[in-house]
Amino acid sequence: MKRFARLNTLSALLLAASLTTGIAHAQLAPSAPAAGAPTQASEARKANIVIIGTGGTIAGAGAAATNTAAYQSAVVPVDKIIASVPEISKIANVKGEQVFQIGSESFNNERLLKLGKRVSELLKQPDVDGIVITHGTDTIEETTYFLNLTLKSDKPVVVVGSMRPGTALGADGALNLYDAVLVASSPESRGKGTLAVLNDEIHTGRDVTKSNTFKIETFRSPFGPLGYVVEGRTLYYRLPARPHTMQTEWDIDKIDKLPEVAVVYAYGNVNPASIDAAVKNGAKAIVYAATGNGSVGDYMVEPLKAARAKGVQIVRASRTGGGVVVRNAEQPDDKYDWLVTDDQLPQKARILMALALTKTNDTKELQKIFWKY
Ligand code: GLU
């Protein structure tokens, strides 16, 4: 990757005066807003941001402008996406890097690790102030949570996607990308963990989830977004309560393989053979996306107990999409040596469980990890 352009003299002085953040604060700039006013990255020296392309709808193209939901994803190279938003060059020095060109449903453990390791490498470069990752929206919630738990840096990392391809009427990708660069350039974004930016909102990687198949307001966090991006300003209103990045026990540089964790979805007439299949496929844990508050059908209890007897961890989650699965309520978890997810959705619990298993196989310790993260 090419180095970033040298800073001009004034910018270099401002940078030297701003040792704590690495990015000059707007308050140091001659035209600084009143104390307490939101910071605009463009008022200080421009931050150096690497935009990593991985594919998705933000790199998609349709046959006609009216194709807002039927189109091909992951076809436009990241440099072309960046060039299509010239406003970005006014707020940051950006460089594109294509790591993948895929639909995000094609992410697997290997791709997740490869992306995380590259992001980690870039974050260590002193001339990189932040990272933006363009990504399909389908699994942004998994990638963002994974990076939130494993990156060892305070520098902002922002994952962004779009619900409509750039060719569509009302395309949302250009503004989402602009906002993501703005958030990644903002000193206030440091130390807040991996973030997801879409539809004017900033979400924590821990909580964000996709909630609608086609609407641009698809992303939600059960406790609300951390903030907004409005008219080129990054506005935060709350902080992530759970440990992330620097505060966690995982370091992406030290993880070379993730253990197999299966998610089995519960429904009326769910086939117990799905549990056996997961065990036969080498699952070290099964996240059971159970009904309601983690309830388990009477005919599913024995298959799950049998899997546990073979050493496979059982995690009760909920398919409802919200709320806490209460330990020892719907099922006697202590007696069966099972786990509950706290409030994590099954697909996010899968990420946490895979990471947790790189540290311990002790059920009590694993349960503590679920309560903690
Ligand atoms: N399924 C594709 C993906 O997740 C396109 C969906 C999107 O990005 O909105 O990459």
Side-chain angles (χ1 to χ4, degrees), residues 51-82 84-85 88 96-116 118-119 131-148 157-181 183-184 194-203 205 207-221 225 229 263 265 321 345-348 350-351:
I51 304 183
I52 293 180
T54 73
T57 296
I58 197 164
T66 46
N67 288 131
T68 54
Y71 52 84
Q72 206 181 340
S73 78
V75 287
V76 183
V78 70
D79 283 333
K80 216 169 158 193
I81 302 173
I82 296 168
S84 72
V85 196
I88 286 176
E97 181 174 318
Q98 196 80 49
V99 172
F100 303 119
Q101 188 61 294
I102 57 172
S104 67
E105 61 279 3
S106 299
F107 263 89
N108 54 17
N109 288 349
E110 288 69 36
R111 286 174 167 153
L112 207 50
L113 289 169
K114 185 177 170 189
L115 175 65
R118 182 60 188 144
V119 171
I131 309 277
V132 168
I133 302 167
T134 60
H135 196 290
T137 58
D138 290 359
T139 66
I140 271 187
E141 61 202 82
E142 293 172 54
T143 298
T144 313
Y145 190 38
F146 177 75
L147 298 177
N148 191 55
V157 175
V158 179
V159 189
V160 64
S162 74
M163 291 301 289
R164 295 175 182 157
T167 47
L169 293 172
D172 53 335
L175 182 59
N176 286 350
L177 184 62
Y178 179 83
D179 287 351
V181 172
V183 171
T194 307
L195 304 166
V197 168
L198 287 101
N199 199 35
D200 310 322
E201 293 182 342
I202 309 166
H203 292 263
D207 294 339
V208 70
T209 187
K210 185 174 183 177
S211 67
N212 188 282
T213 58
F214 72 95
K215 289 169 73 171
I216 57 171
E217 63 266 41
T218 185
F219 279 82
R220 69 174 178 84
S221 294
V229 189
V263 177
Y265 197 92
L345 300 174
Q347 62 272 26
K348 293 173 86 113
R350 196 278 299 183
I351 297 278

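We're numbering straight along the sequence, starting at 1. Whatever order the structure lists ligands and atoms in, that order sets their numbers, starting from 1.
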Kindly write out the residues that satisfy salt bridge (charged side-chain N to carboxylate O under 4.0 Å, His left out) with Asp172, not counting sequence neighbours, or none if the list is empty.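 Counting only residues at least two positions away or on another chain, Asp172 forms no salt bridge (charged side-chain N to carboxylate O under 4.0 Å, His left out).
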
Is the contact between Ser162 and ligand 1 made by the side chain, the backbone, both, or neither, using heavy atoms and a 4.0 Å cut-off? backbone

Go through the structure and list residues passing side-chain contact (heavy atoms from CB on, under 4.5 Å) with Lys215, not counting sequence neighbours.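 Only Asn212, Glu217 meet the side-chain contact (heavy atoms from CB on, under 4.5 Å) criterion with Lys215.
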
Give the numbers and elements of all ligand 1 atoms closer than 4.0 Å to a heavy atom of Glu105.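 Per the distance check, 1 (N), 2 (C), 3 (C), 4 (O), 10 (O).
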
Residue and atom name of the nearest protein heavy atom (relative to atom 10 (O) of ligand 1), distance in Å to one decimal: Ser104 N, 2.7 Å

Just to confirm my output: which protein heavy-atom neighbour is closest to atom 7 (C) of ligand 1, and how far is it? Thr57 OG1, 2.7 Å

Proximity flag Gly60 to ligand 1, non-hydrogen atoms under 4.0 Å: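 Under 4.0 Å: no for Gly60.
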
Rounded to the nearest 0.5 Å, what separation is found between the CZ atom of Arg111 and the OG1 atom of Thr139? 11.0 Å

Keeping the roles fixed (side chain from Thr57, backbone from Gly136), state whether a donor-acceptor pair exists under 3.5 Å. no

Backbone N/O of Glu141 and side chain of Lys348: donor-acceptor pair under 3.5 Å: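 Answer holds: yes.
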
Option set Asp138, Ile58, Thr137, criterion heavy-atom distance to atom 1 (N) of ligand 1, minimum: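 Nearest option to atom 1 (N) of ligand 1, by heavy atoms: Asp138.
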
